Amino acid sequence: MEHKFKQILLVAKWEFMQFFKWKQELLSKVIMLCVGLFIYFSQSGALFSPDKYVIAVPSNFSASQLPAPFIIEKRSEAVEVLIPMLENKQLDGILLPMNTLDQQQQFKLITVGKMAWQKEFEMVLSTHYSKVLAERLNITAQQIELLQQPITLVNSYLDTKIKSQEQQSSSTAIGVLVLMIIGIFMSFGQIFVSITGEKQQRVTEQLYACMSAQTWIDGKIFGQMLHSLKAMISTLISFILVMAFMQVILKGQPLDLSMINFDLLPWLGLFALLGIYMATAFMAAIASAIDDPNHSGKTAFMILPLLPMIIGFFIIDSPSGTFVEVLSYFPLTAFAVMPMKMALIDVPIWQTLIAIVSTLIGCYFTRVSAGRLFKLGMVMYGKEPNLKQMLRWALKEPS
Amino acid sequence: MQEKPILNVCNVFKHYQQVTAVDNLSFSVKEGEIFALLGPNGAGKSSLVRMLIGFTHPDSGTITVNLDARSYSAIPHHALGYLPEDRGLYSEKTLTQNLMYFARLRGVDKQIAKQRIDFWLNEFELIERQHDPLKSLSKGNQQKVQLISAVLHEPKLVLLDEPFSGLDPINQEKVVTFLAKLKQRGITVILSAHQMAMVEKLADRMLLMNQGQTVLLGSLAEIKQQIGVSAELVLRYETDINLNTLDADSSRLTLLNNNTIRIELSDAKHLNTKLIELTQLGTLQHIESKTMDLHQLYLKAIAQHPTQEQRQHGA
């Protein structure tokens, strides 16, 4: 038993290291850091941005100045005269009014090309004209603000299980589902390459002489799962760093992680772990039955583990229906549906526990099936098993 | 009391749909001997090997492996060193990485594994290449690495499927030496091969299979006896000869050309009588004694073995 466990760990380590390229990992982090620094410095104006943008306006323009970095120059010359100045970079833009103040404000901005500052200029101009309009219509700035505010609709349900909007943690559940999708996509490619690659390199029979098919597949699932978790954790850390970068460094605000429900997170983490395990085992089972990766039609089946996640996204609008109830206990979908349900409605603890037990049963079944299908793939070496044979072996290994 | 064989195969049958791959096969292998499995392609050797390693199971009959006072229905992983017919290792990894991985999977301690890897790489003159990726080696050298990987855990029983294929004569000799060393260490070796000269040099006993059945079983001497050929004589006469004038049983005589005949000698007792008769055919120019080698025995035995169709008609 101890030796078997050591073998599983050895296969898992071999599997993990086969795809873990630390130089690439380091390089990707350095690139991310460079991108972050680039954004920071370009945002703060240290890169590329000149100190000021000079915009030519008609002499009857309502304002004599606009907030920095825009400087307005009132000019009486015709546009044809101003355009050479634009080309010579004496001006950055020419602003021309297209109608009167009684109507909706329309301007034409002539520039040499599409400029990064144009969006900011539009906002500055809009703010300026809001003030001008308020003065003309004799209304205060607060009144304008009120007019611009959207209505708020508070939903109330007769179904008391559905959490109020303040209590809902769908963003946490969606986040976990997205991370699981990343993890599954990571496994999808790697386990396919790993298993079919070993078959093509003719290593499998040699490995089978060292350990049982189940031990080998257990190690492989474990190794690939580590990769998925690495991808999920590194995505999560990157996301938090980006948020911190944007909120703290760019906007100068304190880091706000209130969108994450930390109470729910351990449960979601557990479901994610089991889900990734089951999905990896399922994909290992399919890959084990593929003889020739270039001509097999079974590769498409490997995408099936994404289905529960898609269902998870769909239940956001109707989290308490009978269909969702069934799927939240079903061994192959519970890992994705139950977390979403927990985020949206009040779920008694016993329901959560049933979903966990059910998922564990699903994990065990897919794991054992993967081991059997790996053996089937070897027994039928050179000939790919059909779905009927796969199903027969998945349920019971023939003597 | 006779020692228990390390492997005992008893009345084993294996069918794949309509094909009988192994047909009532029985034999045993003694501990420490080199046992060869011979037979043409499709004879059932690979099916047998797969059953021996527990990859498939017999439809009927039994396989018993006696090890450490226990009986197993196939060679257990810890006691098995295996070189499959379809071979390969991780081509991107170095020789040491590959060998260390397989040694560790077999439960060998890291330090001991390192010592054994160095020893065998030295023996096969590959120590200089230990940090090179496997793919940079020639096919023959890759095969040697795979042979090493099969014995690093010092198994009780080594099963080698075609260990000589793809090797040049020099490397074939190296493998012969390698196998002799395993025998010296008391390791039982079962090998399947088509290189009869190598098998003749190495094997203590052999099983010749055809269409899943036993054709011949025993040591080379025993096989020669079973097939009824111990030696042959080639006689060349000065003039053409006529075999019809011969009184003796001419069934073991072959006229090679008009003045040359070959006679198979199954029983040395009658040699005098036969020679006297043969001298009466004409004036002898040249006599040459030849021992039938395994290759010839193999061809003869396979040719004599009835096909499945013939057996059915016979029944």
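Bear in mind the structure is a predicted one, so any value in this text is a computation, not a measurement. Residue numbers start from 1 in every chain, and the chains themselves are labelled A, B, ... in the order their sequence lines are given, proteins ahead of strands.
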note = Under 4.5 Å to a heavy atom of chain B? For Q18(A) that would be both
ask   = Should the pair H227(A) and F20(A) be assigned to parallel (<30°), tilted (30 to 60°) or perpendicular (>60°) ring geometry?
value = tilted
query = Would you call the rings of W216(A) and F374(A) parallel, tilted or perpendicular if under 30° counts as parallel and over 60° as perpendicular?
reply = parallel
When heavy-atom pairs shorter than 4.5 Å are enumerated against chain A, which of [options] gives the highest number?
options: L105(B), I53(B), T56(B); answer: L105(B)
options: A150(B), S91(B), G88(B), S149(B); answer: G88(B)
options: Y101(B), Y82(B), F102(B); answer: Y101(B)

Nearest-0.5 Å distance, CD of residue Q190(A) to CZ of residue F185(A) = 13.5 Å
Which bit of [X] comes within less than 4.5 Å of chain A, counting heavy atoms only: side chain, backbone, both or neither?
X: Y90(B); answer: both
X: R106(B); answer: both
X: Q146(B); answer: both

message = I want to check a possible cation-pi pair here: K93(B) against W14(A), using under 6.0 Å from ring centre and within 45° of the ring axis as the test.
response = yes
ask   = Taking the six-membered ring of F222(A), is the NZ or CZ of K220(A) close enough (under 6.0 Å from the centre) and on axis enough (within 45°)?
value = no
S60(B) side chain near V12(B) side chain, heavy-atom distance below 4.5 Å = no
